[in-house]
There are 2 protein chains.
Amino acid sequence: MLQNADPLNLCLLKVSCADCTLRELCLPRRLEPIELTQLEGIVRHRRPLQRGEVLYRRGEPLRALYAIHSGSVKVHMPASGGGEQVMGFHLPGNLLGLDGCGTDSYTCTAIALETTSICELPYARLESLCALVPGLNREFRRLMGRVIGAEQAMLLMLGNKKAEERLASFLIHLSRRYCERGFSPLRFNLSMSRHDIGNYLGLALETVSRQFAHFQEAGWISVDRREVSIHQLDALEKLVTHTLEEETGNIA
Amino acid sequence: MLQNADPLNLCLLKVSCADCTLRELCLPRRLEPIELTQLEGIVRHRRPLQRGEVLYRRGEPLRALYAIHSGSVKVHMPASGGGEQVMGFHLPGNLLGLDGCGTDSYTCTAIALETTSICELPYARLESLCALVPGLNREFRRLMGRVIGAEQAMLLMLGNKKAEERLASFLIHLSRRYCERGFSPLRFNLSMSRHDIGNYLGLALETVSRQFAHFQEAGWISVDRREVSIHQLDALEKLVTHTLEEETGNIA
DNA sequence: CGCCGGATTGACTGAATTCAACCGTCGTGG
DNA sequence: CCACGACGGTTGAATTCAGTCAATCCGGCG
């Protein structure tokens, strides 16, 4: 694959959206080839971020949106009492920065959880392009809509699920996302700490640890440090869907 | 005011967006007069909804977005175990249905909490118009961005606030929204039940009731049935901001 | 007048947080 | 190369906040 031609120097590499394996997950989802070319025209590639490096910071002006090409990113904002609230974890193909579209400045801070390469979409140019390319405009709107839907799914979770169900949901969701990206849905590495998971799910990190142990004792999964194997996905799913709702799939 | 000329038959009345007192809160926020006229061209006015009537239902195709002209609307979706999760309460000037933009069908169900008059924006026409009117496109995007920000604020609340803080936040938020709309920020009527409030905040209705009592004993507020008077807004605010974060204001 | 739904209040229960000790791994520096 | 410290994770015990169950109240409506 083209994008592997220069693995040591990704920053100089122009991966075309058309060739990108993530196309179907990313903004270009349903663009016509010509529209895709236009979009590619504004994409910039930056030096990969190292673990812990900040992509953008809350309060900064909305200069650009960022698509993850590889790696993963944690998005969080300050909470009352000096704490933080993790708002989400983003994987390749996800688009970051949309939270800033309302106020023209980021409301969250985005940090790389591992070495992460990014495609940058300068916002002003993206907006101009949207005005010219109806398909892009539509896809962008759709993407925002899906973000809204995903956040609602999260609200639903925090609103009425117990610790056990939350962690099960979390694992299932991650599993699906990895699967969509061509990784194994049954064996993957968590790029975030227990602390981050707990914070994201509205739980104490000890609770996360205990629930992991609980799932493991039950034989549903194995966990070793950051490595998770899922043995009985259906068992986890049964936990989540007492009666059932179709999940508003993950997005951005 | 024009919109009061025919109070018994609002459905036949065309309230122009330009004359609407809610203009600054609604989609037309920063449109040029000419853009405003174009937007007005697609707005349809429907018969007012009675309490309990459904505006749209989860799963229905996204035919239109709806702006509330007067009244209030509850938006909810089914939760696991046959329950419901209340996703939000909407006041005049708010735009509903954006959750459907991701999938082209509504993910929530919207129900009038009282007699409510609505402006309907057929989605196909709105999309076409956005393509033609850059200002509208920008405002619409901004609006979606603000919805994302508001949902994040809600996630933050459900993620790490205690019952007391949640209800205080809720009251402060309502107070601000009423204020923006020209109503008293210190005395207003709740159009939703304790059950709805609790569900929305991720609390049992009894907890809501108790926290109301608690605030009342402390002298911060008075509650009688659905009528709330706030005596010490600052006390409520102090509860919410241990250290402080600026709230991502309410929206859609 | 009596019923019904919404709201309040109380007692009890339990799930999850908090506090605390402990373990294992990794990275650093002697 | 090994020792040490730091960090992340696990585990246990005690506490607490909020949920559940249940009785009662209140106002509105038939």
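Quick note on labels: first sequence line is chain A, next is B, and so on, each numbered from 1. Just so it is clear, the values below take in all heavy atoms, side chains as well, and ignore hydrogens, waters and symmetry mates.
Remark: A/A235 engages A/W220, A/Q232 in a side chain to side chain contact (heavy atoms under 4.5 Å, CB included) (not counting sequence neighbours). For B/E164, the salt bridge (Lys or Arg N to Asp or Glu O under 4.0 Å) criterion is met by no residue, not counting sequence neighbours. With sequence neighbours excluded, no residue forms a side-chain hydrogen bond (donor to acceptor under 3.5 Å, both in side chains) with B/S184. Judged as a side-chain hydrogen bond (donor to acceptor under 3.5 Å, both in side chains), and not counting sequence neighbours, the contacts of B/E114 are B/S72. Under the salt bridge (Lys or Arg N to Asp or Glu O under 4.0 Å) criterion, B/R57 pairs with no residue, sequence neighbours left out.
Note: CD1 (B/I197) to P (C/dT8) measures 9 Å, nearest angstrom. Atoms CG (A/D196) and P (D/dC7) sit 15 Å apart, rounded to a whole Å. Whole-Å rounding puts the B/K161 NZ to C/dT17 P distance at 16 Å. Between the CG atom of B/L205 and the P atom of C/dT8 there is a distance of 9 Å, rounded to whole Å. Distance, A/L158 CG to D/dA18 C1': 16 Å, rounded to whole Å. Atom pair B/L239:CG and D/dC17:P shows a separation of 14 Å (rounding to whole Å applied). B/F212 has its CZ atom 23 Å from the P atom of D/dC25, to the nearest Å. Distance A/D224 CG to D/dT10 P: 9 Å, rounded to the nearest Å.
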Polar atom pairs between nucleotides 20-22 of chain D and protein, under 3.5 Å, N or O only, would you list them?
unit_1	atom_1	unit_2	atom_2	d
D/dT20	O4	B/R210	NH2	2.8
D/dC21	N4	B/E206	OE2	3.1

All N/O pairs under 3.5 Å across the protein-nucleotides 21-24 of chain C interface:
none

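Among the atoms of the strands shown, only primed sugar atoms or phosphate atoms (P, OP1, OP2) are found under 4.0 Å from some heavy atom of A/R226. Nucleic acid contact for B/G198: none, since no nucleic acid atom lies under 4.0 Å from a heavy atom of the residue. When heavy atoms are screened at a 4.0 angstrom cut-off, A/L203 is found touching the sugar-phosphate backbone but no base atom.
Residue B/H214 is tested with B/Q216, B/E217, B/R210, B/Q211 for a side-chain hydrogen bond (donor to acceptor under 3.5 Å, both in side chains); the sole match is B/Q211.
Relative ring orientation between A/Y56 and A/Y106 is described as parallel, the plane-to-plane angle staying below 30° on a 0-90° scale split at 30° and 60°.
Annotation: salt bridge (Lys or Arg N to Asp or Glu O under 4.0 Å) contacts involving residues 65-77 of chain A, sequence neighbours excluded, comprise A/K74-A/D196. The list of salt bridge (Lys or Arg N to Asp or Glu O under 4.0 Å) pairs with a residue in residues 75-99 of chain A, not counting sequence neighbours, is empty.
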